[in-house]
Amino acid sequence: MLVEAHQNLVYAVAVRFVRNAADAEDITQDVFIRLWRNLSSYREEQGKLSTWLYKITTNCCLDFERSVGRRARRQWTDLDHAQMLSVVTGPDRELEARELHQAVLEAAGALPAKQRLVFILRDMEGLNPDEVALALDMSKAQVKSNLFHAREKVGVMLTHFFKQTKSRLK
Amino acid sequence: MKCREIRQFIYTYPELSDSDKLLLEDHVVDCESCRALLTGMRQSRVWIERAASFSPEPVHAAKLTGNIIRSITEQRAHYPQSRSWQDNPVFRLVMATCSFVLIVVFAAQQRVPDTPYKPAGGRSVVLLNTSTMLRELREQTSRKDESDSWYVCATQEYCNLAIVQKIKTRNLQ
């Protein structure tokens, strides 16, 4: 079934964008309602269904970001790590990936919405630049420019984060 | 190349062409600050890749699926799924506007007097206004003794000329 097959993909993008499990579930629900409403207008020439789904998801994420000003944003601390399942194997490695995931999301959370989405789709979801451009209605040059700024900022924040962690452990 | 341009190359390394990668690698051999930046960026990439291997999933996936299905079912009851481009509101608005414009043009045309018109290299004709044309066509169709239908009359030149002649005669009287 379409929902079961793709809900994790949508949820992963949403939760990485909003960093809040409840909001991510709301976004996931909105995405599938929009998908259902527009399913008849989907043509294979427009790209893969997953790319189209990414496009709807990013639009819902941006709509959510715009609506945030009108209502109090839920604290992202409720994104309990126990709620997440890992694909990596081994308890130590899983723990490390969880911590890294949290640190990267925290760093990405400071980026402007579009840069954050480009970063999530390219570096976390592993889409190629063409698919990112299609999902976000951007040119390849815009994707590259957003990636440059996003990676630069995330890189600086991650380095700072690990320096702090190291000094705490000493 | 300048360090400023190389900086952009460093952060977009995976998207670079082979020739740009060579340019970058040549530059960092001699530039210590860019080399340090490239090392830092590679370290960040390792962290990000490892973080990306961690896949967040909803706690109660089945419950979420159920909520989605329920929402869609509710939506289905309130809003029928859009069927095609014909249901597009923009398309409908354009079609309504075109129809309105055609009605206005048709109505306005009824007030315009018959106009002589001679196309370049063609025979001179008289452009009838729609009111006259409709009246004449009605007369043509009501005449039982004539074999030509109003459609033949409207499309055949001899018939149009007969109508024009009749109008001219009437105007002279």
Side-chain angles (χ1 to χ4, degrees), chain A residues 1 3-4 7-8 11-12 14-16 21 24-25 28-33 35-41 79-80 82-88 93-94 96-105 119 122-126 129 140 143-145 147-152 154-156 158-159 162, chain B residues 4-17 20 36-88 90-91:
Chain A
M1 201 172 107
V3 176
E4 280 171 330
Q7 79 173 23
N8 285 357
Y11 178 83
V15 82
R16 282 168 170 164
E25 287 190 6
T28 308
Q29 209 160 311
D30 285 349
V31 168
F32 282 100
I33 290 170
L35 179 75
W36 172 77
R37 279 189 191 164
N38 299 294
L39 201 56
S40 59
S41 65
L79 179 65
D80 186 355
Q83 296 175 353
M84 296 177 166
L85 302 174
S86 176
V87 292
V88 291
R93 198 164 164 72
E94 187 177 324
E96 185 192 19
R98 279 177 180 177
E99 282 175 357
L100 275 169
H101 189 259
Q102 188 186 6
V104 170
L105 291 194
F119 176 77
R122 175 74 178 125
D123 285 356
M124 306 214 71
E125 294 293 318
K140 273 177 85 174
V143 169
K144 216 170 165 180
S145 165
L147 269 177
F148 162 64
H149 292 293
R151 285 173 182 162
E152 189 180 33
V154 170
V156 170
L158 282 181
T159 311
F162 283 103
Chain B
R4 205 162 58 92
E5 293 162 290
I6 289 295
R7 194 178 170 81
Q8 178 137 12
F9 278 14
I10 288 172
Y11 286 106
T12 53
Y13 188 83
E15 290 79 27
L16 289 184
S17 63
D20 285 344
L37 193 65
L38 182 63
T39 311
M41 192 280 291
R42 281 185 173 149
Q43 178 60 67
S44 298
R45 283 207 64 76
V46 172
W47 288 332
I48 292 166
E49 277 169 20
R50 207 169 294 167
S53 73
F54 187 78
S55 176
E57 288 178 13
V59 202
H60 306 294
K63 192 180 164 194
L64 179 61
T65 310
N67 287 344
I68 293 168
I69 303 292
R70 198 167 38 254
S71 303
I72 291 174
T73 313
E74 282 168 15
Q75 289 283 319
R76 190 179 285 164
H78 290 97
Y79 310 99
Q81 191 177 12
S82 66
R83 285 180 294 279
S84 64
W85 53 272
Q86 290 156 326
D87 296 323
N88 186 327
V90 177
F91 173 77

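Chain identifiers are assigned alphabetically (A, B, ...) following the order of the sequence lines, protein sequences preceding nucleic acid strands; residue numbering begins at 1 within each chain.
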Mind checking the [atom1]-[atom2] spacing from [X] to [Y]? Nearest 0.5 Å is all I need.
{"X": "A:I33", "Y": "B:Q75", "atom1": "CD1", "atom2": "CD", "result": "5.0 Å"}
{"X": "B:S55", "Y": "A:M124", "atom1": "OG", "atom2": "CE", "result": "10.0 Å"}
{"X": "A:H101", "Y": "B:I48", "atom1": "NE2", "atom2": "CD1", "result": "11.5 Å"}
{"X": "B:Q8", "Y": "A:L147", "atom1": "CD", "atom2": "CG", "result": "10.5 Å"}
{"X": "A:E4", "Y": "B:T65", "atom1": "CD", "atom2": "OG1", "result": "5.0 Å"}
{"X": "B:F54", "Y": "A:Q102", "atom1": "CZ", "atom2": "CD", "result": "10.0 Å"}

Search all heavy atoms of [X] against all heavy atoms of [Y] and return the closest pair with its distance.
{"X": "B:W47", "Y": "A:T159", "answer": "CZ3-N, 4.1 Å"}
{"X": "B:A52", "Y": "A:R16", "answer": "O-NH2, 3.4 Å"}
{"X": "A:G155", "Y": "B:S44", "answer": "CA-OG, 3.6 Å"}

task = Run the numbers on A:V104 and B:E49 for side chain to side chain contact (heavy atoms under 4.5 Å, CB included), then give the verdict.
result = CA-CA 10 Å; A:V104 170; B:E49 277 169 20; over 6 Å; no
Practice task
Using non-hydrogen atoms and a 4.5 Å limit, figure out which bit of B:R45 sits close to chain A: side chain, backbone, both or neither.
Solution key: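 It is the side chain, since no backbone atom gets that close.
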The interface call for B:I10 against chain A, heavy-atom contacts under 4.5 Å, is neither
*Between A:E152 and B:R7, is the closest basic N to carboxylate O distance under 4.0 Å?*
yes
Heavy-atom donor-acceptor pair, A:Q7 side chain to B:A61 backbone, under 3.5 Å
yes
Practice item. Go through B:N67 and A:T28 one step at a time and tell me if the side chain to side chain contact (heavy atoms under 4.5 Å, CB included) criterion holds. Key: CA-CA 10 Å; B:N67 287 344; A:T28 308; over 6 Å; no
#### Entry: Region of A:V154 in contact with chain B, defined by heavy-atom distances below 4.5 Å
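Only the side chain of A:V154 comes within 4.5 Å of chain B.
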